[in-house]
S.K.: 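One structure follows; several queries about it will come next.
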Amino acid sequence: MRITADKLTETIGDATLLHEVSVAAVTGELLGLVGPNGAGKSTLLRALAGLRDCTGGQVRYDGRLRSELPPYQLPQQLAYLAQRGPVAWPLTVERLVALGRLPHQSFGAQDTQGQAAVDAALVDTDTVHLRHRVVDTLSGGELARALLARALAVGGAVLLADEPVAELDPYHQLQVMEILRARADSGQTVVVVLHEITLAARFCDRLLLLDRGSVAAAGSPANVLTDEHLHATYRVRALRGERSGSQYVLPWQRLG
């Protein structure tokens, strides 16, 4: 599924969260949304998910507005992973992950693939050993992986993830990025909000750099994460190098 945003603008009072932001997320691509705190990344991701109606602009799904789609289509085809918040009920991890299958059990549908999808998501996120644990006994990183598993269990054409590696150790950060990369390579449309520009440079096909609600740069990681752009938006100087044919960018020094 291709998602296109055309000149999205979002204002709250005197604050402009997004200003005429246009972007396309396409099948088989891992698109990263990057930028400093308050740049508008999460607001944009929620708009792409159809969870936020902006004050200006439109979002289309394979060329159609959300209002033009059957009511079951987006819930079944689009998984959205929010920044981690509390889980209200004392569910086991397996029950939490199974919530991702609810859209497939609505509108009279028979979810014949439900348990297989849940099992696969637990394996992918290294949470099989946690399946019978109650979520309020998990560490922050364990819960983050369980919530990702819930999104993966949806099994739709689109995966939108907001800072999925924020609370993870280095091993699981790499694991999650490898999962997202594999999902894109298998034909899903994947969009991820990242603060870790080293991971963005290594794993993403394209980046959209936001700054104060506007697009500062868009394109390949090499063209977006330039010294000029990093100085202007993040106010940092980076170290650069190459390993096994991949470029890496490592924030190194604050500027001013």
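Quick caveat, the model's predicted, so the values are computed rather than measured.
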S.K.: Would the number of heavy atoms belonging to other residues, nucleotides or ligands and lying under 6.0 Å from NE2 of His19 be above 12?
M.R.: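 No - once you tally the heavy atoms of other residues, nucleotides and ligands closer than 6.0 Å, there are 12 at most.
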S.K.: Give me the atom names and distance for the closest heavy-atom approach of Lys7 to Ser22.
M.R.: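 Where Lys7 meets Ser22 most closely, the heavy atoms are N-OG, 2.8 Å.
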S.K.: Check the surroundings of atom CZ in Arg240: do more than 12 heavy atoms from other residues, nucleotides or ligands lie under 6.0 Å from it?
M.R.: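 Yes.
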S.K.: Tell me whether Arg212 at atom CZ has more than 12 heavy atoms from other residues, nucleotides or ligands lying less than 6.0 Å away.
M.R.: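 Not buried by this count: 12 neighbours or fewer within 6.0 Å.
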S.K.: Among residues at least two apart in sequence or on other chains, which ones pass side chain to side chain contact (heavy atoms under 4.5 Å, CB included) with Pro36?
M.R.: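 Partners of Pro36 under the side chain to side chain contact (heavy atoms under 4.5 Å, CB included) test: Ala39, Asp211, Thr233, Tyr234.
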S.K.: Just distance, no hydrogens or angles: give the donor-acceptor pairs under 3.5 Å from side chains in residues 217-226, sequence neighbours left out.
M.R.:
residue	atom	partner	partner atom	Å
Ser220	OG	Asn223	N	3.3
Ser220	OG	Asn223	ND2	3.2
Thr226	OG1	His229	N	3.2
Thr226	OG1	His229	ND1	3.1

S.K.: Of all residues at least two apart in sequence or in a different chain, which pass the salt bridge (charged side-chain N to carboxylate O under 4.0 Å, His left out) check with Glu163?
M.R.: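 Salt bridge (charged side-chain N to carboxylate O under 4.0 Å, His left out) list for Glu163, sorted by chain: empty.
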S.K.: Can you name the nearest heavy-atom pair linking Ala146 to Val97, along with the distance?
M.R.: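 Distance-wise, the nearest heavy atoms are O-CG2, 3.8 Å.
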S.K.: Rounded to the nearest 0.5 Å, what's the gap from CG on Leu96 to CG on Leu143? Could you check?
M.R.: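 Here the interatomic distance stands at 7.0 Å.
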S.K.: With clusters built from Ile, Leu, Val, Met, Phe, Trp and Tyr whose side-chain heavy atoms come within less than 4.5 Å, directly or transitively, what are the remaining members of the cluster of Leu250, listed by chain and number?
M.R.: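 Leu239, Trp252, listed by chain and number.
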S.K.: Is the number of heavy atoms from other residues, nucleotides or ligands within 6.0 Å of CZ (Arg64) greater than 12?
M.R.: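 Yes, CZ of Arg64 has more than 12 neighbouring heavy atoms, counting only those of other groups under 6.0 Å.
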S.K.: Kindly check if the number of other-residue, nucleotide or ligand heavy atoms within 6.0 Å of CZ (Arg60) is above 12?
M.R.: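 Yes, CZ of Arg60 has more than 12 neighbouring heavy atoms, counting only those of other groups under 6.0 Å.
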S.K.: Closest heavy-atom contact between Ala121 and Ala153?
M.R.: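 Reported closest heavy-atom pair: CB-N, 4.0 Å.
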S.K.: How close do Tyr80 and Ala49 get, counting heavy atoms only, and between which atoms?
M.R.: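 Where Tyr80 meets Ala49 most closely, the heavy atoms are CD1-CB, 3.9 Å.
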S.K.: Using 0.5 Å steps for rounding, measure from the CG atom of Asp62 to the CD atom of Glu68.
M.R.: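 Going from the CG atom of Asp62 to the CD atom of Glu68 covers 12.0 Å.
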S.K.: Looking at Arg131 and Asp119, is there a salt bridge between them, counting it only when a charged N and a carboxylate O are closer than 4.0 Å?
M.R.: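 Arg131 and Asp119: salt-bridged.
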S.K.: Would you kindly confirm whether Leu207 and Val23 end up in one hydrophobic cluster when ILVMFWY residues are joined by side chain heavy atoms under 4.5 Å apart?
M.R.: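 Different hydrophobic clusters.
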S.K.: Using side chain to side chain donor-acceptor pair (under 3.5 Å) as the criterion, list what pairs up with Gln173, not counting sequence neighbours.
M.R.: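 If we apply the side chain to side chain donor-acceptor pair (under 3.5 Å) test to Gln173, skipping adjacent residues, there are no hits.
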S.K.: For Arg101 and Val118, which heavy atoms make the closest approach, and how far apart are they?
M.R.: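 Nearest heavy atoms, Arg101 then Val118: CG-CG2, 4.1 Å.
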S.K.: Tell me, please, which residues at least two apart from Val123 pass side chain to side chain contact (heavy atoms under 4.5 Å, CB included).
M.R.: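 Side chain to side chain contact (heavy atoms under 4.5 Å, CB included) list for Val123, sorted by chain: Val128.
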S.K.: Rounded to the nearest 0.5 Å, how far does CG of Asp126 lie from NE2 of His172?
M.R.: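 One gets 4.0 Å once the value is rounded to the nearest 0.5 Å.
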S.K.: Under 4.5 Å between side-chain heavy atoms, chaining through other members, with only Ile, Leu, Val, Met, Phe, Trp and Tyr counted: pull out the rest of the cluster around Ile12, sorted by chain and number.
M.R.: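 Members other than Ile12 - counting any ILVMFWY side chain reachable under 4.5 Å - are Leu17.
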S.K.: Check whether any side-chain N or O of Asp162 sits under 3.5 Å from a backbone N or O of Leu81 as a donor-acceptor pair, and report yes or no.
M.R.: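 Absent.
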S.K.: Taking only residues two or more places apart in sequence, or in another chain, which ones meet Val158 in a side chain to side chain contact (heavy atoms under 4.5 Å, CB included)?
M.R.: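 Only Met1, Ile3, Leu78, Leu160, Thr189 meet the side chain to side chain contact (heavy atoms under 4.5 Å, CB included) criterion with Val158.
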S.K.: If only atom types and distance count, is the side chain of Arg145 paired as donor or acceptor with the main-chain N or O of Thr125 below 3.5 Å?
M.R.: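 Here the side-chain-to-backbone pair exists.
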S.K.: Applying side chain to side chain donor-acceptor pair (under 3.5 Å), can you list everything that pairs with Gln188, at least two apart in sequence or on another chain?
M.R.: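 In terms of side chain to side chain donor-acceptor pair (under 3.5 Å), with neighbours along the sequence ignored, Gln188 is linked to no residue.
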S.K.: What residue pairs, at least two apart or across chains, pass salt bridge (charged side-chain N to carboxylate O under 4.0 Å, His left out) with a residue in residues 175-186?
M.R.: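 Sorted pair list: Asp124-Arg183, Arg181-Asp185, Arg181-Asp205.
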S.K.: Holding to side chain to side chain donor-acceptor pair (under 3.5 Å), I want the full list of residues that pass it with Glu228, two or more places apart in sequence or in another chain.
M.R.: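 Result, side chain to side chain donor-acceptor pair (under 3.5 Å) vs Glu228: none returned.
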S.K.: What heavy-atom pair brings Gly213 and Val21 nearest, and what distance separates the two atoms?
M.R.: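 Closest approach of Gly213 to Val21, heavy atoms only: O-CG2, 3.3 Å.
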S.K.: In chain order, what residues pass the side chain to side chain donor-acceptor pair (under 3.5 Å) check against Asp136, with sequence neighbours excluded?
M.R.: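 Applying side chain to side chain donor-acceptor pair (under 3.5 Å) to Asp136 gives none.
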